[in-house]
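Down below is the structure, laid out as structure tokens.
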Amino acid sequence: MSTHAPHAPNGPGLARSVTLPATLDEAVAALAAMPAAVPVAGGTDLMASVNAGQLRPAALVGLGHISEIRGWEYQDGHGLLGAGLTHARMGRPDFAALFPALAAAARAAGPPQIRNAGTLGGNVVTAAPTGDTLPVLAALEAVLVIAGPGGARREVPVGHLLAGMDMLRPGEILGHLRVPLLHAPQAFLKATGRTGPSRAVASAAVVLDPARRGVRCAIGAVAPMPLRPLEAEQWVASLIDWSVVTERGASALAPEALDAFGQYVAMACIPDPPPAEDGGEAPVLPPAALQLRRTVAALARRGLGRALA
């Protein structure tokens, strides 16, 4: 049963009431009853918006008491991950054994207080370009399981939501993520502007899919959503001896091939400017963009190298 706890606001931007449902369907019902309410789990992004004066929710629907979205389970060759999984929980060894890149991204998400509170679903719904789990989910081609009114459930590819092609509708809540168990090497790497945990300047997820003889790569933080360099993926997959790829990799590529893959990915994600329409001198990338391109190339190269090591 849900509880409704009214609160007098203690300052600007604070909600006037907080509802704490015990199930996903109760949370959906609470949102239907209060269309202006905002769902909140860890609150790491929401409170930053509130403190900055960018958001003033009239009411909150707290998702922290919904046990069904705080764990994960096996289901038909996939992991069904609750949207309430914290980064700290995803960083544990049992989770990392099945989803190593997602665990690595969770461990890189920030200091302990952020990892203990921040959730997988919050990362997806907020869809900040620097969200560490987003390129991994894009590379894994995760599917979102969204709960709606009347017990309805619908599934949406994570890329559709991140690209704005299929947004959450009124009264809907992200309940779970369906992620394939590839049983193959994965890597996540992140470059930041300073030492220690901080927001990514660029990030890269590389996963191998031996069953389909494929490589999947997604680059984060350089665009509003993770970028998939599909041609680079297909090219490098054709160079790999898939007959010897196991859960531990073991199909090394020549350094020249790894370098070429990194450059291919970087050029796809940060292309040269188009030629001048008047036939004049071709524009060039500014130094900051060139540096970012070099960073992306290094991340993609190292990510694939680690996956194949």
*For the residue pair L120 and L137, establish whether any side-chain heavy-atom pair is separated by less than 4.5 Å.*
yes
*Could you tell me whether the side chain of L81 reaches within less than 4.5 Å of the side chain of L102, counting heavy atoms only?*
yes
_Flag, side chain of R107 to backbone of G91, donor-acceptor distance under 3.5 Å_ = yes
*Under the side-chain hydrogen bond (donor to acceptor under 3.5 Å, both in side chains) test, which residues partner R294, sequence neighbours left out?*
Q291
*Measuring from M167:CE to L162:CG, what's the distance to the nearest 0.5 Å?*
9.0 Å
_If I take atom CG from residue D209 and atom CG from residue L182, how far apart are they, to the nearest 0.5 angstrom?_
5.0 Å
_All pairs passing salt bridge (Lys or Arg N to Asp or Glu O under 4.0 Å) where residues 159-174 contributes a residue, at least two apart_ = R154-D166, R154-E172
*asked:* Using 0.5 Å steps for rounding, measure from the CD atom of E26 to the CG atom of L63.
replied: 12.0 Å
*Backbone N/O of D132 and side chain of K190: donor-acceptor pair under 3.5 Å*: no
_Restricting to non-hydrogen atoms, name the atom on G303 and the atom on A187 that form the minimum distance, rounded to 0.1 Å._
O-CB, 3.5 Å
*asked:* Can you list everything that forms a side-chain hydrogen bond (donor to acceptor under 3.5 Å, both in side chains) with E233? Sequence neighbours excluded, please.
replied: R228
*For G84 and T119, work out which heavy atoms get closest and say how close.*
O-CG2, 3.7 Å
_Verdict with reasoning, L208 to L304, per side-chain contact (heavy atoms from CB on, under 4.5 Å)_ = CA-CA 9 Å; L208 305 184; L304 182 59; 4.2 Å; yes
_For a quick test of reading the model, state the closest non-hydrogen atom pair linking H65 to P21 and the distance between them._
CB-O, 3.7 Å
*Same cluster for V145 and L134 if Ile/Leu/Val/Met/Phe/Trp/Tyr side chains link at under 4.5 Å?*
no
_Assigning hydrophobic clusters by single linkage (Ile, Leu, Val, Met, Phe, Trp, Tyr; side-chain heavy-atom cutoff under 4.5 Å), is L290 placed with V201?_
yes
*Under 3.5 Å donor-acceptor, H87 side chain and A108 backbone*: no
*Side-chain heavy-atom pair L98, L181 within 4.5 angstrom cut-off*: yes
_Side-chain touch V38/V61, heavy atoms, less than 4.5 angstrom_ = no
*Apply the test side-chain contact (heavy atoms from CB on, under 4.5 Å) to residues L253 and V236: give CA-CA distance (whole Å), side-chain angles for both, the deciding distance (0.1 Å), then the verdict.*
CA-CA 9 Å; L253 289 178; V236 81; 3.7 Å; yes
*Which atoms form the tightest heavy-atom contact between V222 and A202, and what is the distance?*
CG1-CB, 3.9 Å
*Rounded to the nearest 0.5 Å, how far does NE2 of H78 lie from CG of L140?*
10.0 Å
_Pair R89, W72 - check side-chain contact (heavy atoms from CB on, under 4.5 Å), show working._
CA-CA 10 Å; R89 178 64 187 89; W72 59 279; 3.4 Å; yes
*Counting only N and O atoms by type, is there a donor-acceptor contact under 3.5 Å from the side chain of R115 to the main-chain atoms of A88?*
no
*Which atom pair, heavy atoms only, marks the closest approach of V136 to A105?*
CG2-CB, 3.9 Å
*Distance from D259 atom CG to R301 atom CZ, nearest 0.5 Å?*
5.0 Å
*Are L308 and W235 connected in a single hydrophobic cluster, I mean Ile/Leu/Val/Met/Phe/Trp/Tyr linked by side-chain heavy atoms less than 4.5 Å apart?*
yes
_Quick check: is V158 connected to V125 through a chain of hydrophobic side chains (ILVMFWY, heavy atoms under 4.5 Å apart)?_
yes
*If you look at every heavy atom in E68 and L24, which pair is closest and at what distance?*
OE2-N, 3.0 Å
*Quick one: sort the F95 and F99 rings into parallel, tilted or perpendicular, breaks at 30° and 60°.*
tilted
*asked:* Using a strict threshold of under 4.0 Å (side-chain N to carboxylate O), is an ion pair present between D272 and R293?
replied: yes
*Indicate yes or no: at least one non-hydrogen side-chain atom of P273 is less than 4.5 angstrom from one of L285.*
yes
*Under 3.5 Å, side chain of W242 to main-chain N/O of R212, donor-acceptor pair present?*
no
*Distance in Å, R153 CZ paired with H176 NE2, rounded so as to fall on 0.5 Å steps*: 8.0 Å
*Answer with yes or no whether the hydrophobic clustering places L177 together with L168; edges join I, L, V, M, F, W, Y residues whose side-chain heavy atoms lie under 4.5 Å apart.*
yes
*asked:* Counting C-beta onward and ignoring hydrogens, is there a side-chain heavy-atom pair between N116 and T86 closer than 4.5 Å?
replied: no
